[in-house]
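To start, the structure itself, in C-alpha cells.
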Amino acid sequence: MEKQYNPSDVEERLYAHWMKQGYFRAGESSAKPKYSIVIPPPNVTGVLHMGHALNNTIQDILIRHKRMKGFEVMWMPGTDHAGIATQNVVERRLAKEKKNRHILGREAFIKEVWKWKEEYHATITNQLKKLGSSCDWSRERFTMDDGLSLAVRRVFVKLYNDGLIYRGKYIINWCPRCETALSDEEAEHKELNGKLYHLRYPYEDGSGYVVVATTRPETMLGDVAVAVNPTDERYTCIKAKKINLPLTGRVIPFIEDGFVDKEFGTGAVKVTPAHDPNDFGMGQRHNLVPIMVMDGSGKMAGDIPEKYKGMGRFDCRKAIIEDLEAAGLVEKIEEHKHAVGHCYRCDTVVEPYYSDQWFVKMKPLAEPALAAAVNDEIRFYPARYKKTYIDWMENIRDWCISRQIWWGHRIPVWYCSCGQVIADEEAPGKCTHCGSTNLRQDEDVLDTWFSSWLWPFSTMGWPEDNNFIKKFFPTDTLATAPEILFFWVARMIMASCHFTGKLPFTDVILHGTVRDKTGRKMSKSLGNTIDPLEIIRDYGTDALRFSMIMITAQGSDVFLGKDTFDIGRNFANKLWNASRFLLGNINDGAVKGALPPADRLKAEDKWILSKLQRVIKNMDSAVSTFRFNEACHTMYDFAWGEFCDWYIEAKKADFYQEDDPQLKADALSLCGYLLASLLKLLHPIMPFITEEIWSHLRAKMTFDGVIDAESIMLAKYPEPDTSLINEAVENNFDILKSCIIALRTIRSENNIPPDKTGTAVIIPADKAVSDWLASQTAVINTFARLSETTVDVNAKKPGFAGSSVVRGNQIFLSLEGLIDKKVEIDRLTKEAARLKSMAANTKAKLESENFASRAPAEVVEKEREKYQGILVNLEKTEKALKDLQ
RNA sequence: GGGCGCAUGGCUCAGUUGGUUAGAGCGCCGCGUUCACAUCGCGGAGACCGCUGGUUCGAGUCCAGCUGCGCCCACCA
C-alpha cells in the first residue's frame, strides 16, 4: 500500500469492476425484501453541480446501506427532458450561429435538441458514475422514452375523458422571452422597487377626471372600464359618467365591483381584462370584452394607436407616461414596492396574458394526496415540510399544462374542421364525428412536469403491468430539494394515488440547498459554482461525499468552499494509513483471524468492542432517521478518536513484542475484526476507499463471518451485539485516558521534550481504581512517555513534581529539574479556583430547598456525588499547591 | 400580507425527548519529524448559547415578546 491514499488510482477501476459484476442490478424475482428509490432525474440542460452531488450521495448511502442489510435494492437512474430549460439552451447555442428555431423549423429544431440531449446525457451519467452512484444502469430512463411518452398520453387522455383536463381562455402567466405559458409555480415572485403611477382619466362630459393608480401604465391601452367599490361614497355621484380613455379615443364606463379596495390609491381601478388576472375576473363578472394590446413577445400590438405598435412593453411604459405627462394627465408618481412574477427559466418578468390553454383540475387529485400527509402515510424529513405541503394542497389551483414550445410531449389532441376535438393516445386516422381525415394536432407541448409526475411508475413500465413494477413499486424513499416540493413531489403523490392507487414512496427527504461560503446559492450565472469533478480530481469522491454529508445537518443548507473537502480527504488518508499499519504487521501470507476467547481479551479489547457496539447502534439510528451528518460524526470520532488514537496505539505493544505469538495473533485478529466492521459501517458513505482497503484486508486475512464477501458492497452490515457493551470497562478507560491526558498536559505545559522520560506516581482514590490503574502502568508509560509509573494508595508523593487530580486520583509527574515551579503553581491555582467556583455552585444547588424536595431522587443523588467529587479534587489540588509553595 | 427557519468560542456548524464541568472541524498559540499517517501527533487558549420576560427544583434546549438575517407562499391595482 502506498504511503498516501490516492483516490484516482482506485475509483475508476473499482466502479468498472462493480459494473462488470452486476452488483447494481436489481432482481425482480429476488426473494429478499425490496428497497427502491427513483432518482430525481437531472435535467439534460447541462452538467451536474454540487446540489446533485449532495442529492445523489444521500441516495447512494441509503441504497448501499440497505443492500448490505440484505435488501434487494433498486435505484432507478434517468434524466429529464426539461422542456423550456432545454429548449432555451439549444436556442442560445443556435443564436451563436445566427440561427433560430423558426429558421430551422419544428422538425429540424427538435433534431438539434436531441443532439444536445445525447451530449449532456452522456456527461451526466458519467458524472453520476464518478460520484459512485450504485444505480441500476440497465434500467435507465428518459422522460421522452417511448414507454414514458405512452404513459404521458395515457394519463392525458384518461384525465380528459374523466373531465379533469379542460381547455379554455384564461389569464395565465406568460413569459415573453420564452413565448410560452407558465404554470403558477413557474412564475417566481420577486420583490421589486417599482413605481405607482397615478393617472388622470377625464370624464367624457369635461367635468373633470378620476385618478387611477397602476404599476403598469402601458396596459391602459387595453382598459375597458374603471372600477370602484359599490360602497364607496366618493364615487356615488360620478359613477354614471363615462370616461374618455386617454391616448385611445375610447369611451369606457365605470363599473362597481366589491373586489376594489377603497383604501388603496384613490379607490378607483383601471380594468384591463386581457392583461391582469384580477381585472380578468372583473371583466367576466361584468361581461366586458378583453382587449389585447400586447403580443406574445411582449411588444405592443392590436387595436392601439399606431405610434405604440411594436414597442417593447417597458419602452411603451415610458412613452405612455411621457405622452400623458404632456397632456397633463399624470397626477403623481410614487415609489412602490411590489412582488413581480419572473420566469423560473430565464428570469424575465412574466406578463399576465389572456390565451387559450389546457388545464388540469387539481382539487379531486389533491384530496387523497393531502390525506396521505395528514395521516403520516407519507413522512417528510425535516418534518416541518409537512405543513408546507398541506397548506399548498389545501389551496391548490388548477394547473396550466400547455406550453407554446416545441421540445416535449406534444398534446395528444386533434382538431377536426367540423369542430370535433379528439383526445387519443395515438393519432386518429379520421374524425370520430364526421369521418374527415383533415385533422390537425394541437401545436403545443405539455409542461415538462406532466411527464415527471409519473416518474415513479412510468419508469417501471406503467401502464404495462410486469414483475418489475410488482416488485419495486411503490418505492421507499425520495430524496430531493425543497425547491421542487410543489413542482414535483406533490404532483407525483397525486399522480400515483390517482393512477396506481398507491403512494409513490413513504419517506421524503428534503435536503438543503448548496451555497457558497458567503451564503449565495450556487449558480452558473453567479459564477460561484464548484465543479464536483474538480473536487473529485483533487480530493477524491469519498472525500467529496464524506465532507459534504458531514457538514450538512438534516434539512439545512450546505455552505461549501474548496477547503471544505480537506476533512474528508484527511479522514480517508487516516483510514488508509491505519489500515496500512495494521496490514503491514502481517508479513507471513494470509492469516486466519478469529476473535480470541473472552479470557484472552485484554482491557483495551473489551473497551473497543464495547464502543463498537454503540457505534453500530448509533449508525442504525442515524441512517434510519436520515441524519447522515450524525453517521459521519459517529464514524469519524470512532475511527480516528478511539480506534486510531487509543486502541491501535495501545496494541502496538502487542505487535512489537516477539515473545508471545498468541498475543500478536490476537491483536491482529481483533484489529482485523475492528477494521472490517469499520469499513462496512463506512462503506455506504465512502464506497471506494472502503472497498480498496477491503481487498487488501482480504488478501492478508480470512475471518469467518466477518470478512465475508468478495466485495464489501455485498458484505453483511454489522449488527450490534449488546452483550459486548460493558459500562464498567468504559468507565475504567475514561479514568485511564484522563490520567494519561493529565500527565501529557503537565509535560506539555512545562515544555518537557519528548525524549525526556520521567516517572509518575499515582495515588488512587480507592482500591478498585488502584487495581485497574496498576494493571495499566505499561500503557500509561507508553502513552505519557514515562520510564516508570507507581500506583499505590500508600505511595509517598514526590517532593517536587507536577501534579493533577483526576476523579480523586492524585497524579504526580516527577522529572528531575524539568518541572517549572511557577508554571505548576499557576496551573494549580487556576484549577483550584475553577473547582472552588464549581463547588460553590453545586453546593448552592444542593442547599436549595426546592431542589432537594422537588427534583427526582436520582438527580439529587447524582448532584451530591458530584459535589463530593469536586470537594475531593479541590482538597487534593489545594494540598499539592501548598506543598509546592 | 401569511407561513417557516436560523441566531452557540475568530470562522463554519453539532447539540434527538430540559439534568454531569456546552462539543467538533477549521483557524490561533506552544512542543514535536518517537519505526501507519506533517493530508500527522501531543498539549493549550478561546463561549454571560442574539435580547427581554415567563414556565420549571433545573433552560442552549420549552413558551411569549423583541431584534437581526434567510427561505417559502400570496391576484391591492
Side-chain angles (χ1 to χ4, degrees), chain A residues 1 3-5 171 184 189 196 212-216 219 227 259-261 263-266 268-272 276-281 336 338-339 352 382 384-385 387-388 391-392 395 482-483 485-486 513 517 519 539 543 547 550-553 555-557 559 561 563-564 566-567 569-585 621-622 625 627 629-630 633 636-637 641 644-645 648-649 652 656 741 744-749 751-755 783-785 834-835 838 841-842 845 848-856 858-860 862-863 865-866 869-870:
Chain A
M1 290 170 79
K3 190 170 173 184
Q4 278 183 15
Y5 174 59
I171 287 268
D184 292 334
H189 290 270
L196 187 61
V212 297
T214 179
T215 53
R216 295 184 299 146
T219 63
F259 165 78
V260 179
D261 180 355
E263 307 304 316
F264 191 89
T266 58
V269 190
K270 59 192 274 309
V271 180
T272 324
D276 185 279
N278 301 313
D279 296 6
F280 177 73
H336 183 66
H338 61 152
R384 69 183 121 95
Y385 284 108
K387 190 169 155 27
T388 312
D391 285 349
W392 188 76
N395 298 298
E483 286 103 55
L485 180 59
F486 308 138
T513 305
K517 283 278 181 188
Y539 294 81
S547 307
M550 176 133 171
I551 64 167
T552 307
S556 63
D557 288 349
F559 300 87
D563 58 349
T564 302
D566 286 348
I567 188 167
R569 181 197 53 182
N570 295 355
F571 183 48
N573 199 52
K574 187 71 181 179
L575 288 172
W576 184 258
N577 273 297
S579 307
R580 188 163 72 97
F581 168 72
L582 296 176
L583 298 177
N585 277 288
S621 80
T625 54
R627 293 199 302 265
N629 62 328
E630 200 176 292
H633 278 283
Y636 188 90
D637 292 344
C644 289
D645 288 352
I648 293 182
E649 288 305 319
K652 278 181 178 172
Y656 293 149
I741 288 169
R744 283 169 166 176
T745 305
I746 298 169
R747 289 191 71 110
S748 180
E749 295 282 296
N751 266 321
I752 297 166
D755 59 332
F783 277 75
R785 303 190 63 76
R834 193 180 69 90
L835 290 169
M838 217 153 79
N841 289 341
T842 315
K845 193 170 182 181
S848 147
E849 191 53 43
N850 278 331
F851 179 73
S853 59
R854 302 214 194 175
E858 57 179 72
V859 172
V860 177
K862 234 174 170 179
E863 199 68 13
E865 278 171 24
K866 174 182 143 192
I870 296 169

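Each chain gets a letter, A, B and so on, in the order the sequences are listed, and its residues count up from 1.
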With nearest nucleotide decided by heavy atoms, which residue, A:Arg580 or A:Arg627, maps closer to the 5′ end of RNA chain B?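 So the residue in question is A:Arg627.
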Please measure how far the [atom1] atom in [N] lies from the corresponding atom in [M], and state the result in whole Å.
| N | M | atom1 | value |
| --- | --- | --- | --- |
| B:G18 | B:G58 | C1' | 8 Å |
| B:C66 | B:C13 | P | 26 Å |
| B:A64 | B:C73 | P | 25 Å |
| B:U61 | B:U8 | P | 13 Å |
| B:G60 | B:A22 | C1' | 8 Å |
| B:A38 | B:C49 | P | 40 Å |
| B:A14 | B:G5 | P | 15 Å |
| B:A7 | B:G50 | P | 8 Å |

Select base, sugar-phosphate, or nothing to describe what A:Glu858 touches, counting heavy atoms under 4.0 Å on all strands.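 Since no nucleic acid heavy atom lies under 4.0 Å of A:Glu858, the category is nothing.
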Check every strand shown and say whether A:Arg785 touches a base, only sugar-phosphate, or nothing at a heavy-atom separation below 4.0 Å.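 It contacts base atoms.
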Bracket string, RNA chain B, 5' to 3' - pairs by Watson-Crick or G-U geometry under 3.5 Å, | interstrand: (((((((..((((.....[...)))).(((((.......))))).....(((((..]....))))))))))))....
Of all residues at least two apart in sequence or in a different chain, which pass the ring pair (Phe, Tyr, Trp, His ring centres under 6.0 Å) check with [X]?
| X | result |
| --- | --- |
| A:Phe486 | A:Trp392 |
| A:His338 | A:His336 |
| A:Phe581 | A:Phe655 |
| A:Phe571 | A:Phe546, A:Tyr636 |

Taking only residues two or more places apart in sequence, or in another chain, which ones meet [X] in a side chain to side chain contact (heavy atoms under 4.5 Å, CB included)?
| X | answer |
| --- | --- |
| A:Arg627 | A:Gln554, A:Thr625, A:Asn629, A:Glu630 |
| A:Leu835 | A:Glu831, A:Met838, A:Ile870, A:Asn873, A:Leu874, A:Thr877 |
| A:Ser579 | A:Met1, A:Leu675, A:Ile693 |

Which whole-number value in Å describes the distance from [X] [atom1] to [N] [atom2]?
| X | N | atom1 | atom2 | result |
| --- | --- | --- | --- | --- |
| A:Arg747 | B:G32 | CZ | P | 12 Å |
| A:Ile551 | B:G15 | CD1 | P | 14 Å |
| A:Asn577 | B:A36 | CG | C1' | 5 Å |
| A:Asn629 | B:G25 | CG | C1' | 13 Å |
| A:Tyr636 | B:A14 | OH | C1' | 14 Å |
| A:Ile746 | B:G44 | CD1 | C1' | 14 Å |
| A:Lys845 | B:G18 | NZ | C1' | 11 Å |
| A:Phe559 | B:A14 | CZ | C1' | 15 Å |

Selection from [options] that lies nearest to any side-chain heavy atom of [X]:
| X | options | value |
| --- | --- | --- |
| A:Ala578 | B:U39, B:A36, B:A14 | B:A36 |
| A:Asn751 | B:A36, B:G3, B:G30 | B:G30 |
| A:Gln4 | B:A14, B:A36, B:U39 | B:U39 |
| A:Pro856 | B:C57, B:A36, B:C37 | B:C57 |

For A:Arg747, what residues pass the side chain to side chain donor-acceptor pair (under 3.5 Å) criterion, not counting sequence neighbours?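 None.
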No-H, no-angle donor-acceptor pair, A:Lys652 side chain to B:A36 base, under 3.5 Å: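 Between B:A36 and A:Lys652, which were checked side chain against base, a qualifying N/O pair under 3.5 Å is present.
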I'd like a table of atom pairs between the protein and nucleotides 40-43 of chain B - only N or O on both sides, under 3.5 Å - with the distance next to each one.
from, atom 1, to, atom 2, distance (Å)
B:C40, OP1, A:Asn570, ND2, 3.1
B:C40, O3', A:Lys574, NZ, 3.4
B:G41, OP1, A:Lys574, NZ, 3.2
B:G41, OP1, A:Trp640, NE1, 2.4
B:C42, O3', A:Arg744, NH1, 3.4
B:G43, O3', A:Thr745, OG1, 3.2
B:G43, O2', A:Ser748, OG, 3.3

A:Lys862/A:Glu865 salt bridge by N-O under 4.0 Å criterion: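 Looking at A:Lys862 together with A:Glu865, the answer is no, because their closest N to O distance does not fall below 4.0 Å.
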Just N and O in the side chain of A:Ser556: are any of them under 4.0 Å from OP1 or OP2 of B:A14?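 Looking at the OP1 and OP2 atoms of B:A14, one of them is under 4.0 Å from a side-chain N or O of A:Ser556.
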Closer than 4.0 Å, any side-chain N/O of A:Arg854 to the OP1 or OP2 of B:C57?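 So the side-chain polar atoms of A:Arg854 do come within 4.0 Å of the phosphate oxygens OP1 or OP2 of B:C57, strictly under.
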Protein and nucleotides 71-77 of chain B: nitrogen or oxygen contacts under 3.5 angstrom:
from, atom 1, to, atom 2, distance (Å)
B:A74, OP1, A:Arg397, NH2, 3.1
B:C75, OP1, A:Arg397, NH1, 2.3
B:C75, OP1, A:Arg397, NH2, 3.0
B:C75, O2', A:Asn278, OD1, 3.1
B:C75, O2', A:Asn278, ND2, 2.3
B:C75, N1, A:Asn278, OD1, 3.3
B:C75, O2, A:Asn278, OD1, 2.1
B:C76, O2, A:Asp261, OD2, 2.5
B:C76, N3, A:Asp261, OD2, 3.1
B:A77, O2', A:Ala213, O, 2.8
B:A77, N6, A:Asp261, O, 2.6
B:A77, N6, A:Phe264, O, 3.1
B:A77, N1, A:Asp261, N, 3.2

Closest approach of A:Ile551 to A:Phe559 (non-hydrogen atoms, all atoms of both residues):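 Of all heavy-atom pairs spanning A:Ile551 and A:Phe559, the closest is CD1-O, 3.7 Å.
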At a cut-off of 3.5 Å, list every protein nitrogen or oxygen paired with a nitrogen or oxygen from nucleotides 27-29 of chain B, distance to 0.1 Å.
none

Determine whether a donor-acceptor pair (N or O, by modelled atom type, separation under 3.5 Å) exists between the side chain of A:Arg569 and the backbone of A:Tyr539.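 Between the backbone of A:Tyr539 and the side chain of A:Arg569 there is no qualifying donor-acceptor contact (under 3.5 Å).
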Heavy-atom side-chain proximity of A:Arg785 to A:Ile752 below 4.5 angstrom: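 Not touching, per the 4.5 Å side-chain cut-off.
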Does any part of the side chain of A:Leu485, heavy atoms only, come nearer than 4.5 Å to the side chain of A:Thr388, both counted from C-beta?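 In contact.
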